[in-house]
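To find a chain, count down the sequence lines: A is the first, B the second, and so on, and within it residues start at 1.
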Number of protein chains: 2
Amino acid sequence: MIVKEAIRFFAEIGFEGKTRDLASRIGITQPLLYRYFPSKESLIERVYQEIYVQRWNPDWDTLIPDRTRPLAERLIEFYQAYSHAVYDYEWVRIFLFSGLKSGELNDRYLSLIRDKILRPVCEELRHMNNLPSTDTIKIKEEELELAWGLHGMFFYRAVRHFAYNMPIVKNTDQAITNDVRLFLAGAPAVHKDIVERAR
Amino acid sequence: MIVKEAIRFFAEIGFEGKTRDLASRIGITQPLLYRYFPSKESLIERVYQEIYVQRWNPDWDTLIPDRTRPLAERLIEFYQAYSHAVYDYEWVRIFLFSGLKSGELNDRYLSLIRDKILRPVCEELRHMNNLPSTDTIKIKEEELELAWGLHGMFFYRAVRHFAYNMPIVKNTDQAITNDVRLFLAGAPAVHKDIVERAR
DNA sequence: AATGTTATTTATCATCTGATAATTTACATG
DNA sequence: CATGTAAATTATCAGATGATAAATAACATT
(Lines give C-alpha, C1' and ligand atoms only; values in the text may rest on other atoms or scores of the structure.)
Protein backbone atom coordinates (compact mmCIF):
# COMPACT_ATOMS: atom_id res chain seq x y z
CA MET A 1 0.00 0.00 0.00
CA ILE A 2 2.79 2.40 0.90
CA VAL A 3 4.70 1.78 -2.32
CA LYS A 4 1.62 1.99 -4.49
CA GLU A 5 0.53 5.29 -3.02
CA ALA A 6 4.10 6.60 -2.94
CA ILE A 7 4.36 6.09 -6.70
CA ARG A 8 1.17 8.02 -7.25
CA PHE A 9 2.15 10.69 -4.76
CA PHE A 10 5.68 11.36 -6.00
CA ALA A 11 4.48 11.24 -9.62
CA GLU A 12 2.00 13.97 -8.81
CA ILE A 13 3.97 16.20 -6.42
CA GLY A 14 7.57 15.37 -7.19
CA PHE A 15 10.18 13.97 -4.87
CA GLU A 16 9.99 17.04 -2.66
CA GLY A 17 6.60 15.79 -1.50
CA LYS A 18 6.35 15.63 2.29
CA THR A 19 6.23 12.33 4.14
CA ARG A 20 3.35 13.61 6.26
CA ASP A 21 1.24 14.29 3.19
CA LEU A 22 2.04 10.88 1.78
CA ALA A 23 1.13 9.17 5.05
CA SER A 24 -2.10 11.13 5.28
CA ARG A 25 -3.05 9.96 1.78
CA ILE A 26 -2.46 6.35 2.71
CA GLY A 27 -4.44 6.89 5.88
CA ILE A 28 -1.61 6.10 8.28
CA THR A 29 0.60 8.20 10.51
CA GLN A 30 3.89 9.53 9.27
CA PRO A 31 6.21 7.59 11.62
CA LEU A 32 4.72 4.32 10.41
CA LEU A 33 6.46 4.87 7.07
CA TYR A 34 9.73 4.53 8.96
CA ARG A 35 8.87 1.07 10.17
CA TYR A 36 8.91 -0.13 6.56
CA PHE A 37 11.52 2.17 5.07
CA PRO A 38 14.59 3.42 6.90
CA SER A 39 14.45 6.79 5.16
CA LYS A 40 12.53 8.82 2.62
CA GLU A 41 15.39 8.30 0.19
CA SER A 42 15.06 4.52 0.42
CA LEU A 43 11.35 4.81 -0.29
CA ILE A 44 12.13 6.87 -3.37
CA GLU A 45 14.65 4.24 -4.46
CA ARG A 46 11.92 1.64 -4.12
CA VAL A 47 9.59 3.77 -6.23
CA TYR A 48 12.27 3.95 -8.92
CA GLN A 49 12.70 0.18 -8.91
CA GLU A 50 8.98 -0.43 -9.01
CA ILE A 51 8.48 2.04 -11.84
CA TYR A 52 11.31 0.80 -14.03
CA VAL A 53 10.53 -2.86 -13.66
CA GLN A 54 8.71 -4.72 -16.38
CA ARG A 55 8.49 -1.83 -18.81
CA TRP A 56 10.18 -3.88 -21.51
CA ASN A 57 8.58 -7.00 -22.92
CA PRO A 58 11.26 -9.40 -24.21
CA ASP A 59 8.96 -10.29 -27.11
CA TRP A 60 9.63 -6.85 -28.51
CA ASP A 61 13.28 -7.76 -29.11
CA THR A 62 12.30 -9.87 -32.10
CA LEU A 63 9.35 -7.77 -33.24
CA ILE A 64 11.15 -4.90 -34.98
CA PRO A 65 13.76 -7.01 -36.84
CA ASP A 66 11.21 -9.55 -38.15
CA ARG A 67 11.61 -9.09 -41.91
CA THR A 68 8.85 -11.52 -42.79
CA ARG A 69 6.42 -8.65 -42.18
CA PRO A 70 6.22 -5.12 -43.60
CA LEU A 71 8.19 -2.63 -41.50
CA ALA A 72 5.21 -0.31 -41.09
CA GLU A 73 3.18 -3.15 -39.59
CA ARG A 74 5.96 -4.06 -37.19
CA LEU A 75 6.59 -0.51 -36.02
CA ILE A 76 2.91 0.25 -35.59
CA GLU A 77 2.42 -2.92 -33.59
CA PHE A 78 5.48 -2.21 -31.52
CA TYR A 79 4.69 1.39 -30.67
CA GLN A 80 1.07 0.59 -29.89
CA ALA A 81 2.15 -2.19 -27.54
CA TYR A 82 4.91 -0.03 -26.09
CA SER A 83 2.49 2.80 -25.48
CA HIS A 84 0.44 0.55 -23.24
CA ALA A 85 3.52 0.01 -21.08
CA VAL A 86 4.80 3.56 -20.81
CA TYR A 87 1.99 5.88 -21.83
CA ASP A 88 1.13 6.20 -18.21
CA TYR A 89 0.77 9.15 -15.84
CA GLU A 90 3.01 7.76 -13.15
CA TRP A 91 5.72 6.46 -15.40
CA VAL A 92 6.05 9.57 -17.55
CA ARG A 93 6.09 12.02 -14.69
CA ILE A 94 8.48 10.05 -12.49
CA PHE A 95 10.76 9.63 -15.49
CA LEU A 96 10.73 13.40 -16.03
CA PHE A 97 11.18 14.24 -12.33
CA SER A 98 14.02 11.78 -12.08
CA GLY A 99 15.66 13.21 -15.20
CA LEU A 100 15.38 16.78 -14.00
CA LYS A 101 16.81 15.74 -10.65
CA SER A 102 19.91 13.89 -11.70
CA GLY A 103 19.53 12.08 -15.01
CA GLU A 104 21.47 9.12 -13.67
CA LEU A 105 18.57 6.77 -13.64
CA ASN A 106 17.33 7.74 -17.07
CA ASP A 107 20.66 6.87 -18.68
CA ARG A 108 20.03 3.15 -18.37
CA TYR A 109 16.59 3.47 -19.87
CA LEU A 110 17.63 5.74 -22.72
CA SER A 111 20.37 3.25 -23.63
CA LEU A 112 17.68 0.61 -23.80
CA ILE A 113 15.62 2.75 -26.14
CA ARG A 114 18.63 3.40 -28.32
CA ASP A 115 19.79 -0.19 -28.52
CA LYS A 116 16.45 -1.98 -28.64
CA ILE A 117 14.38 0.44 -30.68
CA LEU A 118 16.34 3.11 -32.52
CA ARG A 119 19.32 1.11 -33.77
CA PRO A 120 17.04 -1.68 -35.04
CA VAL A 121 14.87 0.97 -36.69
CA CYS A 122 17.94 2.37 -38.45
CA GLU A 123 18.92 -1.11 -39.58
CA GLU A 124 15.46 -1.81 -40.96
CA LEU A 125 15.39 1.57 -42.68
CA ARG A 126 18.70 0.77 -44.34
CA HIS A 127 17.32 -2.54 -45.53
CA MET A 128 14.01 -1.10 -46.69
CA ASN A 129 15.68 1.66 -48.67
CA ASN A 130 18.40 -0.60 -50.15
CA LEU A 131 21.20 1.21 -48.38
CA PRO A 132 24.44 -0.45 -47.24
CA SER A 133 24.03 -2.59 -44.13
CA THR A 134 25.08 -1.27 -40.75
CA ASP A 135 27.94 -3.79 -40.76
CA THR A 136 29.68 -2.10 -43.66
CA ILE A 137 28.79 1.47 -42.74
CA LYS A 138 28.01 1.84 -39.08
CA ILE A 139 25.10 3.87 -37.84
CA LYS A 140 25.91 7.55 -37.76
CA GLU A 141 24.90 9.94 -35.02
CA GLU A 142 22.80 11.94 -37.45
CA GLU A 143 21.01 8.79 -38.53
CA LEU A 144 20.23 7.81 -34.97
CA GLU A 145 18.99 11.36 -34.44
CA LEU A 146 16.48 10.79 -37.22
CA ALA A 147 15.16 7.74 -35.40
CA TRP A 148 14.99 9.76 -32.18
CA GLY A 149 12.62 11.94 -34.18
CA LEU A 150 10.16 9.07 -34.47
CA HIS A 151 10.50 8.43 -30.78
CA GLY A 152 10.02 12.12 -30.12
CA MET A 153 6.70 12.17 -31.99
CA PHE A 154 5.63 9.33 -29.77
CA PHE A 155 6.98 10.40 -26.43
CA TYR A 156 6.29 14.11 -26.71
CA ARG A 157 2.61 13.24 -26.91
CA ALA A 158 2.96 11.71 -23.45
CA VAL A 159 4.85 14.76 -22.18
CA ARG A 160 2.14 17.08 -23.47
CA HIS A 161 -0.51 15.00 -21.82
CA PHE A 162 1.02 14.09 -18.49
CA ALA A 163 3.40 16.97 -17.86
CA TYR A 164 1.60 19.86 -19.54
CA ASN A 165 -1.84 18.54 -18.79
CA MET A 166 -3.05 18.90 -22.37
CA PRO A 167 -6.25 17.07 -23.22
CA ILE A 168 -5.60 13.57 -24.45
CA VAL A 169 -5.92 12.75 -28.15
CA LYS A 170 -9.04 10.69 -28.73
CA ASN A 171 -7.47 7.81 -30.61
CA THR A 172 -3.89 7.18 -29.54
CA ASP A 173 -3.50 4.08 -31.68
CA GLN A 174 -4.52 6.04 -34.76
CA ALA A 175 -2.10 8.82 -33.90
CA ILE A 176 0.72 6.28 -33.54
CA THR A 177 -0.24 4.71 -36.85
CA ASN A 178 -0.11 8.12 -38.51
CA ASP A 179 3.27 8.91 -36.95
CA VAL A 180 4.84 5.66 -38.11
CA ARG A 181 3.39 5.94 -41.62
CA LEU A 182 4.59 9.50 -41.94
CA PHE A 183 8.00 8.55 -40.64
CA LEU A 184 8.47 5.61 -42.98
CA ALA A 185 7.15 7.52 -45.98
CA GLY A 186 9.42 10.45 -45.24
CA ALA A 187 12.60 8.70 -44.14
CA PRO A 188 13.83 7.75 -47.63
CA ALA A 189 13.91 11.44 -48.58
CA VAL A 190 16.66 12.12 -46.05
CA HIS A 191 18.09 8.78 -45.00
CA LYS A 192 20.08 8.19 -48.17
CA ASP A 193 21.77 11.58 -47.96
CA ILE A 194 22.72 10.97 -44.35
CA VAL A 195 24.34 7.63 -45.13
CA GLU A 196 26.09 9.06 -48.22
CA ARG A 197 27.42 11.90 -46.13
CA ALA A 198 28.77 9.35 -43.68
CA ARG A 199 31.09 7.73 -46.22
CA MET B 1 21.61 39.97 -10.45
CA ILE B 2 19.04 38.28 -8.25
CA VAL B 3 16.67 37.55 -11.12
CA LYS B 4 19.43 36.37 -13.42
CA GLU B 5 20.80 33.94 -10.88
CA ALA B 6 17.31 32.90 -9.75
CA ILE B 7 16.52 31.80 -13.29
CA ARG B 8 19.67 29.72 -13.46
CA PHE B 9 19.12 28.39 -9.95
CA PHE B 10 15.47 27.36 -10.29
CA ALA B 11 16.14 25.92 -13.74
CA GLU B 12 18.78 23.70 -12.23
CA ILE B 13 17.25 22.74 -8.89
CA GLY B 14 13.55 23.26 -9.41
CA PHE B 15 11.25 25.60 -7.55
CA GLU B 16 11.84 23.75 -4.28
CA GLY B 17 15.33 25.24 -4.26
CA LYS B 18 16.07 26.99 -0.96
CA THR B 19 16.36 30.76 -0.71
CA ARG B 20 19.54 30.37 1.32
CA ASP B 21 21.22 28.39 -1.43
CA LEU B 22 20.14 30.93 -4.01
CA ALA B 23 21.45 33.81 -1.92
CA SER B 24 24.72 32.02 -1.34
CA ARG B 25 25.15 31.58 -5.10
CA ILE B 26 24.58 35.26 -5.70
CA GLY B 27 27.01 36.02 -2.91
CA ILE B 28 24.52 37.84 -0.71
CA THR B 29 22.72 37.00 2.51
CA GLN B 30 19.31 35.35 2.41
CA PRO B 31 17.29 38.17 4.03
CA LEU B 32 18.52 40.57 1.37
CA LEU B 33 16.34 38.74 -1.16
CA TYR B 34 13.37 39.95 0.84
CA ARG B 35 14.35 43.55 0.35
CA TYR B 36 13.72 43.14 -3.38
CA PHE B 37 10.96 40.52 -3.39
CA PRO B 38 8.23 40.25 -0.80
CA SER B 39 8.20 36.45 -0.98
CA LYS B 40 9.80 33.49 -2.66
CA GLU B 41 6.64 33.03 -4.67
CA SER B 42 6.88 36.56 -6.09
CA LEU B 43 10.46 35.89 -7.13
CA ILE B 44 9.31 32.74 -8.92
CA GLU B 45 6.60 34.77 -10.65
CA ARG B 46 9.26 37.18 -11.81
CA VAL B 47 11.34 34.27 -13.12
CA TYR B 48 8.31 33.07 -15.08
CA GLN B 49 7.79 36.52 -16.60
CA GLU B 50 11.43 36.89 -17.48
CA ILE B 51 11.61 33.46 -19.04
CA TYR B 52 8.47 33.75 -21.13
CA VAL B 53 9.22 37.18 -22.45
CA GLN B 54 10.53 37.67 -25.96
CA ARG B 55 10.45 34.02 -26.94
CA TRP B 56 8.32 34.79 -29.96
CA ASN B 57 9.60 36.97 -32.76
CA PRO B 58 6.68 38.69 -34.55
CA ASP B 59 8.51 38.20 -37.86
CA TRP B 60 7.74 34.50 -37.57
CA ASP B 61 4.04 35.21 -37.95
CA THR B 62 4.48 35.81 -41.68
CA LEU B 63 7.30 33.33 -42.23
CA ILE B 64 5.36 30.06 -42.32
CA PRO B 65 2.43 31.28 -44.48
CA ASP B 66 4.67 32.94 -47.11
CA ARG B 67 3.74 30.95 -50.23
CA THR B 68 6.27 32.67 -52.45
CA ARG B 69 8.86 30.25 -51.04
CA PRO B 70 8.97 26.45 -50.83
CA LEU B 71 7.39 25.15 -47.62
CA ALA B 72 10.49 23.13 -46.71
CA GLU B 73 12.61 26.26 -46.87
CA ARG B 74 10.17 28.19 -44.71
CA LEU B 75 9.84 25.50 -42.06
CA ILE B 76 13.56 24.87 -41.89
CA GLU B 77 14.25 28.56 -41.51
CA PHE B 78 11.54 28.90 -38.91
CA TYR B 79 12.58 25.97 -36.74
CA GLN B 80 16.23 26.91 -36.92
CA ALA B 81 15.41 30.44 -35.82
CA TYR B 82 12.97 29.20 -33.21
CA SER B 83 15.54 26.81 -31.82
CA HIS B 84 17.83 29.74 -31.07
CA ALA B 85 15.07 31.22 -28.92
CA VAL B 86 13.97 28.17 -26.98
CA TYR B 87 16.67 25.54 -27.30
CA ASP B 88 18.06 26.75 -24.05
CA TYR B 89 18.86 25.08 -20.74
CA GLU B 90 16.97 27.52 -18.59
CA TRP B 91 13.91 27.84 -20.76
CA VAL B 92 13.38 24.14 -21.34
CA ARG B 93 13.84 23.14 -17.73
CA ILE B 94 11.73 25.91 -16.25
CA PHE B 95 9.02 25.11 -18.78
CA LEU B 96 9.10 21.46 -17.69
CA PHE B 97 9.20 22.27 -13.99
CA SER B 98 6.35 24.68 -14.39
CA GLY B 99 4.32 22.13 -16.33
CA LEU B 100 4.90 19.40 -13.78
CA LYS B 101 3.94 21.79 -11.01
CA SER B 102 0.67 23.14 -12.30
CA GLY B 103 0.51 23.37 -16.07
CA GLU B 104 -1.29 26.70 -15.84
CA LEU B 105 1.52 28.73 -17.24
CA ASN B 106 2.25 26.35 -20.07
CA ASP B 107 -1.28 26.59 -21.39
CA ARG B 108 -0.73 30.06 -22.77
CA TYR B 109 2.45 29.03 -24.47
CA LEU B 110 1.07 25.81 -25.92
CA SER B 111 -1.84 27.78 -27.38
CA LEU B 112 0.70 30.02 -29.04
CA ILE B 113 2.47 27.01 -30.53
CA ARG B 114 -0.80 25.61 -31.77
CA ASP B 115 -2.09 28.83 -33.30
CA LYS B 116 1.14 30.29 -34.66
CA ILE B 117 2.96 27.15 -35.75
CA LEU B 118 0.84 24.02 -35.99
CA ARG B 119 -2.35 25.41 -37.52
CA PRO B 120 -0.36 27.34 -40.16
CA VAL B 121 1.60 24.15 -40.84
CA CYS B 122 -1.65 22.25 -41.36
CA GLU B 123 -2.88 24.95 -43.71
CA GLU B 124 0.31 24.88 -45.75
CA LEU B 125 0.24 21.09 -45.86
CA ARG B 126 -3.32 21.22 -47.19
CA HIS B 127 -2.22 23.67 -49.86
CA MET B 128 0.93 21.75 -50.77
CA ASN B 129 -0.93 18.48 -51.15
CA ASN B 130 -3.90 19.99 -53.02
CA LEU B 131 -6.36 19.20 -50.27
CA PRO B 132 -9.45 21.28 -49.48
CA SER B 133 -8.65 24.50 -47.64
CA THR B 134 -9.16 24.79 -43.93
CA ASP B 135 -12.06 27.15 -44.60
CA THR B 136 -14.16 24.44 -46.20
CA ILE B 137 -13.04 21.58 -44.01
CA LYS B 138 -11.70 22.77 -40.69
CA ILE B 139 -8.58 21.37 -39.14
CA LYS B 140 -9.25 18.08 -37.40
CA GLU B 141 -7.76 17.05 -34.08
CA GLU B 142 -5.99 14.14 -35.72
CA GLU B 143 -4.47 16.49 -38.28
CA LEU B 144 -3.20 18.85 -35.63
CA GLU B 145 -1.80 15.83 -33.83
CA LEU B 146 0.26 15.09 -36.93
CA ALA B 147 1.74 18.56 -36.78
CA TRP B 148 2.44 18.10 -33.07
CA GLY B 149 4.57 15.20 -34.29
CA LEU B 150 6.86 17.59 -36.11
CA HIS B 151 7.04 19.74 -33.04
CA GLY B 152 7.73 16.66 -30.95
CA MET B 153 10.74 15.71 -33.08
CA PHE B 154 12.03 19.20 -32.47
CA PHE B 155 11.23 19.68 -28.82
CA TYR B 156 11.98 16.17 -27.60
CA ARG B 157 15.57 16.78 -28.68
CA ALA B 158 15.67 19.63 -26.17
CA VAL B 159 14.08 17.44 -23.49
CA ARG B 160 16.65 14.72 -24.05
CA HIS B 161 19.44 17.21 -23.83
CA PHE B 162 18.37 19.49 -21.01
CA ALA B 163 16.20 17.23 -18.88
CA TYR B 164 17.84 13.83 -19.44
CA ASN B 165 21.31 15.25 -19.83
CA MET B 166 21.98 13.38 -23.05
CA PRO B 167 24.98 14.57 -25.07
CA ILE B 168 24.00 17.21 -27.57
CA VAL B 169 23.79 16.38 -31.25
CA LYS B 170 26.72 17.95 -33.09
CA ASN B 171 24.79 19.80 -35.75
CA THR B 172 21.40 20.92 -34.53
CA ASP B 173 20.60 22.85 -37.71
CA GLN B 174 21.24 19.74 -39.80
CA ALA B 175 19.05 17.66 -37.49
CA ILE B 176 16.24 20.20 -37.83
CA THR B 177 16.64 20.20 -41.61
CA ASN B 178 16.38 16.41 -41.63
CA ASP B 179 13.30 16.47 -39.39
CA VAL B 180 11.47 18.98 -41.59
CA ARG B 181 12.40 17.19 -44.82
CA LEU B 182 11.29 13.87 -43.42
CA PHE B 183 8.07 15.39 -42.17
CA LEU B 184 7.17 17.08 -45.43
CA ALA B 185 8.10 14.04 -47.51
CA GLY B 186 6.05 11.77 -45.26
CA ALA B 187 3.01 13.93 -44.56
CA PRO B 188 1.25 13.36 -47.92
CA ALA B 189 1.16 9.62 -47.18
CA VAL B 190 -1.17 10.15 -44.23
CA HIS B 191 -2.54 13.65 -44.50
CA LYS B 192 -5.00 12.92 -47.30
CA ASP B 193 -6.54 9.99 -45.42
CA ILE B 194 -6.97 12.10 -42.32
CA VAL B 195 -8.78 14.86 -44.21
CA GLU B 196 -10.92 12.33 -46.09
CA ARG B 197 -11.84 10.68 -42.81
CA ALA B 198 -12.90 14.08 -41.51
CA ARG B 199 -15.56 14.58 -44.16
C1' DA C 1 -7.87 -15.45 29.61
C1' DA C 2 -2.76 -14.75 29.85
C1' DT C 3 1.24 -13.56 27.55
C1' DG C 4 4.45 -12.38 24.21
C1' DT C 5 5.04 -10.24 19.74
C1' DT C 6 4.07 -7.19 16.06
C1' DA C 7 1.78 -3.04 14.27
C1' DT C 8 0.52 1.52 14.96
C1' DT C 9 0.14 5.86 17.26
C1' DT C 10 1.48 9.79 20.21
C1' DA C 11 4.97 12.70 21.62
C1' DT C 12 9.07 14.79 20.53
C1' DC C 13 13.76 16.15 18.61
C1' DA C 14 16.99 18.57 15.70
C1' DT C 15 17.37 20.78 11.73
C1' DC C 16 15.73 23.36 8.03
C1' DT C 17 13.20 27.10 5.85
C1' DG C 18 10.62 31.23 4.60
C1' DA C 19 10.21 35.40 6.60
C1' DT C 20 10.90 39.53 9.94
C1' DA C 21 13.26 42.78 13.18
C1' DA C 22 17.16 44.94 14.80
C1' DT C 23 21.63 46.43 13.82
C1' DT C 24 25.41 47.80 11.09
C1' DT C 25 27.62 49.38 6.88
C1' DA C 26 27.85 52.04 2.61
C1' DC C 27 26.86 56.01 0.33
C1' DA C 28 25.09 60.44 -1.29
C1' DT C 29 24.43 65.33 -0.27
C1' DG C 30 25.29 69.65 1.63
C1' DC D 1 33.23 66.18 7.67
C1' DA D 2 28.44 65.65 9.42
C1' DT D 3 24.18 63.70 8.65
C1' DG D 4 20.38 61.43 6.74
C1' DT D 5 19.02 57.58 3.77
C1' DA D 6 19.46 53.35 1.46
C1' DA D 7 21.68 48.78 1.38
C1' DA D 8 23.19 44.90 3.55
C1' DT D 9 24.10 41.88 7.50
C1' DT D 10 23.26 39.60 11.93
C1' DA D 11 20.10 37.66 14.94
C1' DT D 12 15.84 35.38 15.28
C1' DC D 13 11.11 33.57 14.85
C1' DA D 14 7.45 30.33 13.79
C1' DG D 15 6.20 26.64 11.42
C1' DA D 16 7.58 22.69 8.75
C1' DT D 17 10.07 18.40 8.11
C1' DG D 18 12.68 14.02 8.34
C1' DA D 19 13.47 11.03 11.79
C1' DT D 20 13.42 8.67 16.60
C1' DA D 21 11.67 7.07 21.20
C1' DA D 22 8.15 5.83 24.13
C1' DA D 23 3.59 4.33 24.68
C1' DT D 24 -0.45 1.95 23.16
C1' DA D 25 -3.30 -1.08 20.38
C1' DA D 26 -3.92 -5.29 17.74
C1' DC D 27 -3.12 -9.89 17.22
C1' DA D 28 -1.54 -14.62 17.49
C1' DT D 29 -0.51 -18.65 20.39
C1' DT D 30 -1.16 -21.40 24.15
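- Each of A:Y79, A:F78, A:W148 was evaluated against A:F154; a single residue qualifies, A:Y79, per the ring-ring contact (aromatic ring centres under 6.0 Å, His included) test.
- Put simply, CZ on A:R20 is 12 Å from C1' on D:dT20, counting in whole angstrom units.
- Contacts between residues 3-19 of chain B and DNA chain C, defined by a heavy-atom separation under 4.0 Å, are made by B:G17, B:K18, B:T19.
- Every residue meeting the side chain to side chain contact (heavy atoms under 4.5 Å, CB included) condition with A:S102, not counting sequence neighbours, appears here in chain and number order: A:E104.
- For residues 40-49 of chain A, the side chain to side chain donor-acceptor pair (under 3.5 Å) pairs, not counting sequence neighbours, are A:R46-A:E50.
- By the 4.0 Å N-to-carboxylate-O rule, A:E145 lies too far from A:K140 to be salt-bridged with it.
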Listing, residues 183-197 of chain A side-chain donor-acceptor contacts under 3.5 Å, not counting sequence neighbours, or none:
from: A:H191; atom 1: NE2; to: A:E143; atom 2: OE2; distance (Å): 2.6
from: A:R197; atom 1: NH1; to: A:E142; atom 2: OE1; distance (Å): 3.2
from: A:R197; atom 1: NH1; to: A:E142; atom 2: OE2; distance (Å): 2.5

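- B:L22 places its CG atom 13 Å from the C1' atom of C:dT17, with the value rounded to the nearest Å.
- Separation of the A:Y82 and A:Y87 ring centroids does not fall under the 6.0 Å cut-off.
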Would you mind writing out the side-chain donor-acceptor pairs for residues 111-121 of chain B within the sub-3.5 Å range, not counting sequence neighbours?
from: B:S111; atom 1: OG; to: B:D107; atom 2: O; distance (Å): 3.0
from: B:K116; atom 1: NZ; to: B:D61; atom 2: OD1; distance (Å): 3.0
from: B:K116; atom 1: NZ; to: B:D61; atom 2: OD2; distance (Å): 3.2

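- The stretch residues 32-42 of chain A touches DNA chain C through A:L32, A:R35, A:Y36, each having a heavy atom under 4.0 angstrom from the strand.
- The backbone N or O of B:I26 sits nowhere less than 3.5 Å from a side-chain atom of B:E5 that would complete a donor-acceptor pair.
- If you take CD of A:Q30 and C1' of D:dT17, they are 8 Å apart, rounded to a whole angstrom.
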